[in-house]
Amino acid sequence: MNLEEISVKQINGVSALKEGELHAFGISSVKDLLEYYPFRYEDYRLRSLSEVKDGDKITVQGQVMGVPVLQRYGKKSRLTCKIMTEEWMITATWFNRHFLKDQLTPNREIVLTGKWEQKRMQLTVSDSEFPDKGDGRSGTLQPVYSVTGKVTQQWMRKTINQGLVQYGEMIPEILPQALIKKYNLMPRKQAIAGIHRPQDNQEGQRARQRMVYEELFLFQLKMQAFRALNRNRMDGMVHTTDNTTIREFVRSLPFELTDAQKKVELEILHDMRSPYAMNRLLQGDVGSGKTVIAAIALYTTVRSGFQGALMVPTEILAEQHMRSLQKLFEPFGVTVGLLTGSVNGRKRKDLIASLQMGMLDIVVGTHALIQEDVFFRELGLVVTDEQHRFGVNQRSVLRRKGYNPDVLTMTATPIPRTLAITAFGDIEVSTISERPKGRIPISTYWVKHDMMERVLGFISREVDQGRQAYLICPLIEESEKLDVQNAIDLHVQMQQNFPKYKVGLLHGRMTAAEKEEMMREFYSNDIQLLVSTTVVEVGVDVPNATLMVIMDADRFGLSQLHQLRGRVGRGAHASYCVLIADPKTEVGQERMKVMTETEDGFEVSRRDLDLRGPGDFFGTKQSGLPEFRLADMVADFAVLEQARDDVSALIADATFWTSVDYTPLRDFLQQQQVFKGDLID
Ligand code: ADP
Ligand code: MG
């Protein structure tokens, strides 16, 4: 019996009710439960007072001495008691734990966890337990799980522990013995137990090390096996368009390409002309001019006798790209169609028919492009913009509408080259490293909340001059937990502040159609001020918007702030970005400064890495990098490289597909639905 086939209900203490609550954590089988890892540990190991420093959080054991004293202040209370530890007599203080008073009987053994104040020989207790009642926390490292709602930390600990007791022995090994030996890895059983209840730091670290390696290994295995099974790479589309034809198109552009654009253009054309299927990531900062590169590639595919598709995440973006491509292609007789969720009925039918017959050269669209009844006569190139918004599957469905078409993915999030290659497999990376010259720079200011009056004055100056502004909030509505600006309240305030103008509201809880409608109104200047959450961040282009105000800016990641700022500075007018924030930490203040000091996205991400340590920047969904339970693409990069090499050696070995040693790995691949006949993605 596999652990994934055993329901968590089989674990003592998990009722039908609890089972339901666990579903919210993605836990339904015993396997899920055992693989629900803690994100940190609480240290309850006993310390000696002579070794600890003032201010440390510590756990000590001692005996109750004298009589406890309870003081009450309304609903609050303070309880103190003398405790004799091995070294000294100390005073223990509890807040709001009056019920403990009667349990503090003379000479009773007690274990205290709390903050140590050397000078006053006092411990402010956060946690205490009596060994004679023994829930066994003391002396250990206790896992801390992410829990919410009715599932408490204590219950989760107990349940996972019980799971290990009942099923720990059944945890199967999956890594090949040779690799376990090579790296002296902990056996899987022991590693999973060790992650949940490490005896000491060292065991915890070894357990984590093992599971990180496994995670990255399986990830590489999935990707590489996928490729190995589909290695008919020589049957990609061969694009035959000659240079003269392409130059003619490039000369017709309203500007000259930057050196950086010329470089990536060559890289892309080289791939397109080769018989290999292109799989290339084009990265470039917001405003670096990726769209025109996509246009050149699309033009090339059409001139080679094929069709091209451009998929973008929203209707607004699709319409925008459609308009700009039409303008560029019109003189050359290249036809462009639009297919989004709002294209229906007759129009949709005609469009699909002309695509299928090859009467339409290029189609721009949203997810609507991957619907089942959309066919191409001969698809030569697929371009996706803002790729992290699409799942891998959506991209591969579009790809399958042709036969090994070339693929170009565009992103504004900078990912270091080595990281991208390893993370995505054999994807090639092109980078537009500079922006067109002559742009009016965006001036970025950081102000504290007490300057809000002046910010309002600034907004009013811009809108009075006919410009538009974005106001971004970290939250949709008021929250008890977070004291930050929310969009719904700000929307009301803005309407009161600017009665002459129309103020729109945009957030993630609106339907796609409502959002599109709101953006359209902003685009056409029916709305002058747009209060929004970060949903606005995807590459929309409203050239008349010149002001980006970000409330509680310290709540956002730097890459996100940079993307948001990229929404302005797209027209002929000078643009501004105002960050409103009172960050409490030095790092927080430094981050705001970074924004005011540079406009270069790569520089922003470099400084971000310095400030936050690796992991955070790419840890976000933003980057489009795969996410892991334990591993961190950046921090564990060396392990990722090792796993990559180990996997390629393994797959190159013919016995991989037959030997019983690798059955668990082949089972894994089957579960991941990696079968022969799939296409690469
Ligand atoms: P992004 O990389 O963010 O998608 P776009 O492709 O939207 O950037 O380009 C931003 C703007 O810069 C567009 O208005 C585009 O026409 C313009 N642009 C692109 N390349 C150049 C260039 N070489 N010189 C001047 N302007 C350019
Ligand atoms: Mg773009």
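First listed ligand is number 1; within each ligand, the first listed atom is number 1. Counting from 1, the numbers follow the sequence of the chain as shown.
Counting heavy atoms closer than 4.0 Å to ligand 1, residue Lys437 contributes nothing at all. Contacts of Thr258 with ligand 1, taken as heavy-atom pairs under 4.0 Å, involve both backbone and side chain. Using a 4.0 Å cut-off between heavy atoms, Met410 makes no contact with ligand 1 at all.
Proximity of a side-chain donor or acceptor of Asp361 to a complementary backbone N or O of Thr335 within less than 3.5 Å is detected. Remark: the backbone N or O of Phe376 is not paired with any side-chain donor or acceptor of Lys401 at under 3.5 angstrom. Using modelled atom types, one side-chain atom of Thr241 and one backbone atom of Thr300 make a donor-acceptor pair closer than 3.5 Å. A donor-acceptor contact shorter than 3.5 Å is absent between the side chain of Asp636 and the backbone of Ala631.
Relative to atom 3 (O) of ligand 1, the option among Ala260, Gly287, Ala295 with the closest non-hydrogen atom is Gly287. For the residues Ile293, Thr291, Leu328, the heavy atom positioned nearest atom 4 (O) of ligand 1 is part of Thr291.
Ring geometry for Tyr299 versus Phe249: interplanar angle under 30°, hence parallel rather than tilted (30 to 60°).
Close approach of ligand 1 to Arg570 (heavy-atom distance below 4.0 Å) involves ligand atoms 7 (O). Those atoms of ligand 1 with a heavy atom of Glu256 less than 4.0 angstrom away are 22 (C), 23 (N), 24 (N). Contact atoms of ligand 1 toward Asp285: 2 (O) (distance under 4.0 Å to a heavy atom of the residue). Annotation for ligand 1: atoms under 4.0 Å from non-hydrogen atoms of Val286 are 3 (O).
Residue-ligand proximity: Gly284 is placed with every non-hydrogen atom at 4.0 Å or more from ligand 1.
When only modelled atom types and interatomic distance are considered, Thr245 and Asp242 share a side-chain donor-acceptor pair under 3.5 Å.
Aromatic rings from Phe522 and Tyr470 are positioned such that their centres are separated by under 6.0 Å.
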Quiz prompt | Audit row: Ile580, Val578, side-chain contact (heavy atoms from CB on, under 4.5 Å) steps and yes/no | solution = CA-CA 6 Å; Ile580 303 178; Val578 179; 4.2 Å; yes

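For the pair Gly289 and ligand 1, the shortest N or O to N or O distance falls below 3.5 Å.
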